[in-house]
Structures are given as structure tokens and as C-alpha cells.
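Some notes on the structure that comes next.
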Amino acid sequence: MPELPEVETTRRGIAPFLERRSIERLVVRESRLRWPVDLPESLAGCRVQSVGRRAKYIIIETTVGALIIHLGMSGSLRIVSPDEPHKVHDHIDIHIKGGTLIRYNDPRRFGSFHFTADPVLNHWLLANLGVEPLGNAFSGEHLFRCSRKRRSSVKAFIMDGRIVVGVGNIYAAEALFLARIRPTTAAHRVSRFAYAELAQAIRGVLGNAIQVGGTTLRDFVNSDGQPGYFKQSLNVYGRAGERCKRCDGVLRGQVLAQRSTVFCPKCQLTSGWERSYLG
DNA sequence: CGAGCAACCTGCATGC
DNA sequence: TGCATGCAGGTTGCTC
């Protein structure tokens, strides 16, 4: 489930229940996640200073160190009543003093929980990440410069977390559609102009999804976990064989770099060279 | 160095 | 109804 917007929505949802509060205890029922979970006793009794995010990692900074949480493909963090019986795949509980319980559920166990007492951005999971797509360092120029020797597809390129983080399979397809770039194009053949459009499209599609997801935040406590953005109209993802909303062409689905991809062969024509001449 | 692919898991939709 | 198959929103780490 989680692409960047859902992670950010989750972060915003749990932050008010954590910040400036004390952790009472942690319960780990299943430690076999993406990596073995090994959390120190010292977390019990510590105080949460902030709930941040880097890429798709939620970072809970405390007085003794930081929790680094990834939701993988199927993970979620929910606020539940502390006497709520745990269900299947409810792997980890964070009990907050005063009665709140933050519960981590992850059927596929592709997610992860780490703890570090060092500066959190030095952690090996975070040390080599690319720029934030909604941050100042992200631009068409950044994409253009990073792509000059990249022969892989532009879709795989923008999903490479060493270049830019947080662009998952859904939003990669959507952004390429908005920028009218064919996902199969080799990254080094995409023009500077087209990358400028692509960067804007990535910002827009992620930003909008966060805004829409944010509208469900008021229900976060009782939420079934499906954020509003999931219902927003997607232009291409999941619509192979249907009509393009822009030009009425028939959307084509294909597997690219092992991920399902959908695009419009009629209006996602090229790498953008000719449009650069048209301005 | 870059590129392609296997692997980690469960749940769900589909088809026989 | 039961069972086999294929596919799913992520990421690392292996091989070539």
C-alpha cells in the first residue's frame, strides 16, 4: 500500500499521539520483518521529541535515540485503544503513557523497525538516499544531470532511490503520463526540457496525493487504513486496455524492470526532444 | 560502475 | 467448493 503520500499521511496521523509524550513500553510479537527487529530496553520510559520522515521511512526521535520504521508493501501504523486485542499480523505495539497505543501491522513483513542511538541520518538505511521529491534540491536539472549515463528506462530511473526518493510504481506511471514521456525511454535520451516537466509532474502528483490523504486524517484513529488519495482518479495506473483521458488512445500495459507499467502509446510519444523545440 | 533479476512474505482475484 | 496460478503499492543484494 504505502507510497510516499500514505507514509506522510501516516506520519501526520500518529505525530500528535507521540510528540512530547513518553513511551511506556514496546511489545514485539514478531521480530521477523525485512530485518530482524532488535529494540533496546532503554526505549521504555523515554520521551518522544519528534516524528519525522525521510523517503518512506518514518523517524521517531526520542531522548535515547531514534526508531526508524518502514511500512514495506503492506505495513500500517494505527492508533488503537490500549485494550484492543491484537489481531493476526499485528507485530509491534508502541504503548504511550496516558493510554494511547500505536500498533504496527504488516501481513507481508516487508517492512522494518530499526533503532539507532547515533545521528539518525547516518544510519546505513538512510545514508545513501537521493533527494526528497518535495524538497528544494529536487528539480528537472537534478534529474537531467543524474541521467546522462543512465541507459535504463526513465521509469526505473525515477524509481531509483539513490536519485530521488519516494517515487513508487503508481506515481512513477502517473508522473510520466502527465509529462507525456514514454516510460520505456532510456533515461539518458530524455531531454532537459522534458525532465523539467517530469520533475513538476512528480511534485504535483505526490503533493496532491498528500493533500487528499490529509483530508482523511481526522478519521485516522478509526480509519480502516485506506487513505483518500487511493480513490483519487488515476490516469493510467490500473487502467491498461482502457481509454486515455487525454487523447482517447488505448492504454497499454507492459512489464518494465519487473514492475507493471501502463502508458498511452499515442500521447506519451517520446523522450521530449521535439517538445523542447516547440518550447 | 550500471543493469537485470531473485529474494523476502501473505492475501486476493481469477480460472479451472 | 477446492485448488493452482499469478499478481500486488518496496527495497536490498546478488550476478554479470
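Since we're looking at a predicted model, the values are computed, not measured. Lettering of chains follows the sequences in order, A, B, ..., and the numbering in each one begins at 1.
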dG9(C) phosphate, OP1 or OP2, under 4.0 Å from Arg259(A) side-chain N/O: yes

Separation between the P atoms of dA6(B) and dG6(C), rounded to whole Å: 14 Å

Salt-bridge present (Arg150(A), Asp160(A); N to O < 4.0 Å): yes

Arg150(A) side-chain N/O to dA3(B) phosphate OP1/OP2 under 4.0 Å: yes

No-hydrogen, no-angle side-chain donor-acceptor test under 3.5 Å, Ser74(A) and Asp106(A): yes

Side chains of Ser153(A) and Pro183(A) in contact at under 4.5 Å (non-hydrogen atoms): no

Distance, rounded to the nearest Å, where Met159(A) contributes CE and dG9(C) contributes P: 8 Å

Separation of atom CZ in Arg148(A) from atom C1' in dC1(B), rounded to whole Å: 18 Å

Value in whole Å for how far the C1' atom of dT10(B) lies from CZ of Arg32(A): 12 Å

Heavy-atom check, side chain of Glu174(A) versus side chain of Val236(A), under 4.5 Å: yes

Atom pair distance, as rounded to whole Å: CE in Met73(A) and C1' in dT10(B): 11 Å

Interatomic distance, Asn128(A) CG vs dC1(B) P [rounded to whole Å]: 11 Å

Short side-chain N/O contact to dG4(B) OP1/OP2 from Ser152(A), under 4.0 Å: no

Neighbours of DNA chain B within residues 108-116 of chain A, by heavy-atom distance under 4.0 Å: Arg108(A), Arg109(A), Phe110(A)

Geometric class of the His91(A)/Tyr104(A) ring pair [parallel <30°, tilted 30-60°, perpendicular >60°]: tilted

Ser76(A) and Arg78(A) side chains, donor-acceptor separation under 3.5 Å: yes

Distance between P atoms of dC5(B) and dC7(C) (Å, rounded): 15 Å

Distance below 4.0 Å between Ser74(A) side-chain N/O and dT10(B) OP1 or OP2: no

Gap between atoms CG and P, on Leu256(A) and dA8(C) respectively (whole Å): 13 Å

Ion pair check, Lys245(A) and Glu242(A), cut-off under 4.0 Å: no

Distance below 4.0 Å between Tyr171(A) side-chain N/O and dG9(C) OP1 or OP2: no

Backbone N/O of Asp90(A) and side chain of Glu30(A): donor-acceptor pair under 3.5 Å: no

Candidates dT10(B), dG10(C), dG4(B) - which lies nearest the side chain of Pro107(A): dT10(B)

Main-chain N/O of Ile163(A) paired to His142(A) side chain as donor or acceptor, under 3.5 Å: yes

OP1 or OP2 of dT11(C) under 4.0 Å from side-chain N/O of Lys56(A): yes

Any His89(A) side-chain N or O less than 4.0 Å from OP1/OP2 of dT10(B): no

Atom pair distance, as rounded to whole Å: CZ in Arg53(A) and C1' in dG10(C): 15 Å

Polar contact flag, side-chain donor to acceptor under 3.5 angstrom, Thr184(A)-Lys155(A): no

Got a list of protein N/O to nucleotides 12-16 of chain C N/O distances below 3.5 Å?
from    : atom 1 : to       : atom 2 : distance (Å)
dT12(C) : O4'    : Arg34(A) : NH2    : 2.6

Dot-bracket summary - DNA chain C, pairs being Watson-Crick or G-U whose distances fall under 3.5 Å, with | when paired to another strand: .|||||||.|||||||

Ion pair check, Asp93(A) and Arg29(A), cut-off under 4.0 Å: yes

Value in whole Å for how far the P atom of dG6(C) lies from CD of Gln258(A): 16 Å

N-O pairing of Arg53(A) and Glu132(A) below 4.0 Å: yes

Backbone N/O of His70(A) and side chain of Arg34(A): donor-acceptor pair under 3.5 Å: no

